[in-house]
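This structure is a prediction, so every number in the text was calculated from the model and none was measured. Here, residue 1 is the first one in the sequence, and each next residue gets the next number. Just follow the structure's listing: the first ligand is 1, and inside any ligand the first atom is 1.
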Amino acid sequence: ETNNPNENRQTLQQLLTHLLRALERRDPQQLFAWPVTDRIAPNYSRLISKPMDFETIRRSIQSDLYPSLNAFVADFKLMCENAMTYNQPETIYYKAAKRLLHAGLKLTGPEKLKTLLSALP
Ligand SMILES: COc1ccc(C(=O)NC2CCC2)cc1-c1cc(C(C)=O)n2cccnc12
């Protein structure tokens with residue numbers, strides 16, 4: 001924590017980019033890489049009011065739209081919860097979302113974060 005807001009902003013962006021990469025590695029089939037279209041998922045835009053995907057999250061980090069780690073985690077959870085709302089439990093999308101959500105919450109949980117933060121400059 002420095003009193004220079006600019007430095008803190010960059011550190012937060014570096015942390016979020018690191019976490020995003022770690023989460024994307026958990027999605028090798030790239031099912032969460034891009035926005036879901038109505039073409040591949042009928043009625044998706046009618047059923048899901050706030051769609052979210054990794055590319056949108058990446059753009060938000062770069063546009064400095066996340067003031068905190070919590071705001072980043074909220075969009076990640078939204079992305080997983082959307083998939084568990086739209087898709088039936090027996091689908092690969094629902095199962096992938098459930099696994100991703102658990103992996104993500106472990107990654108951004110207090111224990112792991114302590115290690116991460118201690119490694120920052
Ligand atoms: C960016 O979204 C996608 C991109 C690619 C694929 C895809 O490659 N699907 C093949 C793997 C088995 C068919 C699926 C999706 C996809 C994600 C989702 C989610 C995240 O709900 N989805 C739901 C219903 C149908 N397709 C999808």
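- Under 4.0 Å from ligand 1, the heavy atoms of Asn87 that appear belong solely to its side chain.
- When only non-hydrogen protein atoms are considered, atom 1 (C) of ligand 1 lies nearest to Trp34 O, 3.3 Å.
- Between Val36 and Ala41, the shortest heavy-atom contact is CG1-CB, 3.5 Å.
- What sits closest to atom 9 (N) of ligand 1 on the protein, heavy atoms only, is Tyr93 OH, 3.2 Å.
- Atom 8 (O) of ligand 1 has its nearest heavy-atom neighbour, among Ile92, Leu31, Thr85, Thr37, in Leu31.
- Shortest contact from atom 19 (C) of ligand 1 to any protein heavy atom: Val36 CG2, 3.6 Å.
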Kindly determine whether Phe54 and Phe76 satisfy side-chain contact (heavy atoms from CB on, under 4.5 Å), including the steps that lead there.
CA-CA 8 Å; Phe54 280 135; Phe76 168 72; 4.3 Å; yes

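- Summarising the local packing, CD of Gln29 is surrounded by 12 or fewer heavy atoms from other residues, nucleotides or ligands at distances under 6.0 Å.
- In summary, the atoms of ligand 1 found under 4.0 Å from a heavy atom of Ile40, numbered by their order in the structure, are 2 (O), 3 (C), 15 (C), 16 (C), 25 (C), 26 (N), 27 (C).
- Ligand 1 has no nitrogen or oxygen under 3.5 angstrom from a nitrogen or oxygen of Tyr86.
- At a heavy-atom distance under 4.0 Å, no atom of Asp53 approaches ligand 1.
- The pair Arg58-Glu24 meets the salt-bridge criterion, since a charged nitrogen lies less than 4.0 angstrom from a carboxylate oxygen.
- Going from atom CD of Gln13 over to atom CG of Asp64 covers 5.0 Å, rounded to the nearest 0.5 Å.
- The aromatic rings of Phe72 and Tyr66 sit perpendicular to each other, their planes meeting at more than 60°, with 30° as the lower class boundary.
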